[in-house]
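As structure tokens, the structure follows; a few thoughts come after it.
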Amino acid sequence: MTAPALLVALLLMFIGGGPASTAGGIKVSTAVVLFAVTVAHIRRRQTVSVGPGARCHPRRSSRR
């Protein structure tokens, strides 16, 4: 395998399966949220938007 193909295969094996599966690794939904938070941090945004109407404030704590 070439190096880029091996990198993609390793990334997909790390992510694992869907949210309702018993596959190993992190789940696809977790990977999407991590990607969205990383992009928001790079763009210096205060909110993270994963889908239409879904927003999260990563700097706010859920503890009171």
Side-chain angles (χ1 to χ4, degrees):
M1 291 180 80
T2 64
L6 186 59
L7 182 64
V8 169
L10 287 173
L11 179 65
L12 290 175
M13 285 190 289
F14 176 73
I15 291 175
S21 74
T22 58
I26 66 172
K27 302 301 178 205
V28 175
S29 55
T30 306
V32 169
V33 169
L34 285 174
F35 179 75
V37 168
T38 303
V39 169
H41 179 73
I42 291 170
R43 293 182 179 175
R44 298 179 186 206
R45 304 275 171 102
Q46 294 296 320
T47 59
V48 178
S49 179
V50 179
R55 293 182 188 264
C56 175
H57 298 276
R59 304 239 193 288
R60 292 184 185 173
S61 175
S62 59
R63 296 181 217 161
R64 293 184 184 226

Considering all heavy atoms, the nearest [X]-[Y] contact:
X	Y	answer
A40	T47	CB-O, 3.9 Å
M1	A9	CE-CB, 4.3 Å
G17	A23	N-CB, 3.5 Å

| Joint hydrophobic cluster, F35 plus V28, side-chain heavy atoms closer than 4.5 Å |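 Unlinked, F35 and V28 end up in two clusters.
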Check whether any side-chain heavy atom of [X] sits under 4.5 Å from a side-chain heavy atom of [Y], and report yes or no.
X	Y	result
T2	L6	no
V33	V37	yes
H41	T38	no

